[in-house]
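Quantities reported herein were computed from a predicted structural model and do not represent experimental measurements.
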Amino acid sequence: MKPMAVVGAVLVLAGCSGVEIRPIAREDAESAHSARSIAAGYIVYAPVVVVEIAQRRLCVRKDSKGNCEEEEVRCAAGTPFVLPDRSKPYLINFSSGFGKAGADVSIADGWRLSGIKDTADNQSVLGFLGKLPGLAGVRVPDSVAGGGDCPPGLYRVDADEQGVRFLRIPGS
């Protein structure tokens, strides 16, 4: 066999290894532990950024020593945290090829894909989580507060090119 043909065959076989991440139906994720499951791999979920909204006393003016001179009660968002969006499952499936090609996958909290690093040292951290946005102390818009009223509860943070919206989570 010619040397170029051998090199070509090795590259083709090595290229077959890696990690496949694909969205799956919610029903497939829910039946993953049953005998009829078609899922082969690890199931992770897209994250939902959630904040608690409540009335809080905030310092609106400090003196020269840093002590609060004037407080005001405002509707404010707390520190953000993430929960799994069980309506958006993903299946991670590993395939092996020839040689040592592969990937190192990091899963946090048992459900959240936090990073991927392939053995060729091309690191790629998934952008849908990254670092949480700094929402602590954000003043909640009147559209959430209901014109001055502050309905406390948990809110899903929905951000896009038009801004940040807070969508109340039913039952919170």
Side-chain angles (χ1 to χ4, degrees), residues 17-34 36-60 71-96 102-172:
S17 64
V19 177
E20 175 190 20
I21 302 170
R22 65 180 173 90
I24 60 172
R26 183 177 186 164
E27 297 78 25
D28 291 339
E30 290 172 355
S31 68
H33 295 284
S34 71
R36 63 181 177 86
S37 176
I38 62 164
Y42 197 86
I43 297 173
V44 295
Y45 295 91
V48 176
V49 178
V50 177
V51 295
E52 177 190 18
I53 293 181
Q55 287 187 342
R56 291 187 170 77
R57 289 193 172 280
L58 301 174
C59 184
V60 292
E71 288 185 338
E72 190 175 293
V73 175
R74 291 184 181 174
C75 191
T79 303
F81 58 96
V82 292
L83 294 174
D85 185 344
R86 296 188 56 84
S87 69
K88 295 180 182 175
Y90 292 83
L91 183 67
I92 301 174
N93 198 356
F94 301 91
S95 58
S96 59
D104 182 20
V105 174
S106 300
I107 297 174
D109 304 325
W111 61 267
R112 180 171 46 97
L113 181 61
S114 61
I116 299 174
K117 180 178 179 183
D118 70 17
T119 56
D121 218 13
N122 279 331
Q123 187 171 1
S124 172
V125 178
L126 297 180
F128 64 75
L129 264 193
K131 292 186 178 182
L132 293 177
L135 295 174
V138 168
R139 184 164 182 174
V140 179
D142 289 338
S143 60
V144 172
D149 188 20
C150 184
L154 297 178
Y155 288 76
R156 176 185 182 132
V157 178
D158 185 28
D160 59 21
E161 58 276 347
Q162 280 140 20
V164 176
R165 289 182 300 284
F166 296 91
L167 307 171
R168 187 172 181 131
I169 296 174
S172 68

Colleague: Drop me the distance from Asp158's CG to Phe166's CZ, to the nearest 0.5 angstrom.
Modeller: 10.5 Å
Colleague: Just by modelled atom types, is the Gln162 backbone N or O under 3.5 Å from a matching donor or acceptor in the Asp160 side chain?
Modeller: yes
Colleague: Between Val49, Leu167, Val50, Val82, which is the residue that forms a side-chain contact (heavy atoms from CB on, under 4.5 Å) with Val157?
Modeller: Val49
Colleague: Supply the atom-to-atom distance Leu83 CG to Ile169 CD1, rounded to the nearest 0.5 angstrom.
Modeller: 6.5 Å
Colleague: Ring of Tyr45, cation from Arg86 - is the NZ or CZ under 6.0 Å from the centre and inside 45° of the axis?
Modeller: yes
Colleague: Atom CZ of Phe81 and atom CG of Leu154: how far apart are they, to the nearest 0.5 Å?
Modeller: 5.0 Å
Colleague: Nearest heavy-atom pair of Cys75 and Ile53: which atoms, and what distance?
Modeller: SG-CG2, 3.5 Å
Colleague: Can you list the residues that meet the side-chain hydrogen bond (donor to acceptor under 3.5 Å, both in side chains) rule with Arg26, with sequence neighbours excluded?
Modeller: Glu30
Colleague: Please report the C-alpha distance between Leu91 and Tyr42 in whole Å, then the side-chain angles of each, then the deciding distance to 0.1 Å, and finally whether the side-chain contact (heavy atoms from CB on, under 4.5 Å) criterion is met.
Modeller: CA-CA 6 Å; Leu91 183 67; Tyr42 197 86; 6.0 Å; no
Colleague: Using side-chain contact (heavy atoms from CB on, under 4.5 Å), reason through Leu58 and Arg74 one step at a time and then give a plain yes or no.
Modeller: CA-CA 7 Å; Leu58 301 174; Arg74 291 184 181 174; 3.9 Å; yes
Colleague: Mind checking what makes side-chain hydrogen bond (donor to acceptor under 3.5 Å, both in side chains) contact with Arg156, not counting sequence neighbours?
Modeller: Asp85
Colleague: To the nearest 0.5 Å, tell me how far Gln55 CD sits from Cys150 SG.
Modeller: 5.0 Å
Colleague: Just by modelled atom types, is the Ser106 backbone N or O under 3.5 Å from a matching donor or acceptor in the Ser114 side chain?
Modeller: yes
Colleague: Rounded to the nearest 0.5 Å, what separates atom CD1 in Ile21 from atom OH in Tyr90?
Modeller: 10.0 Å
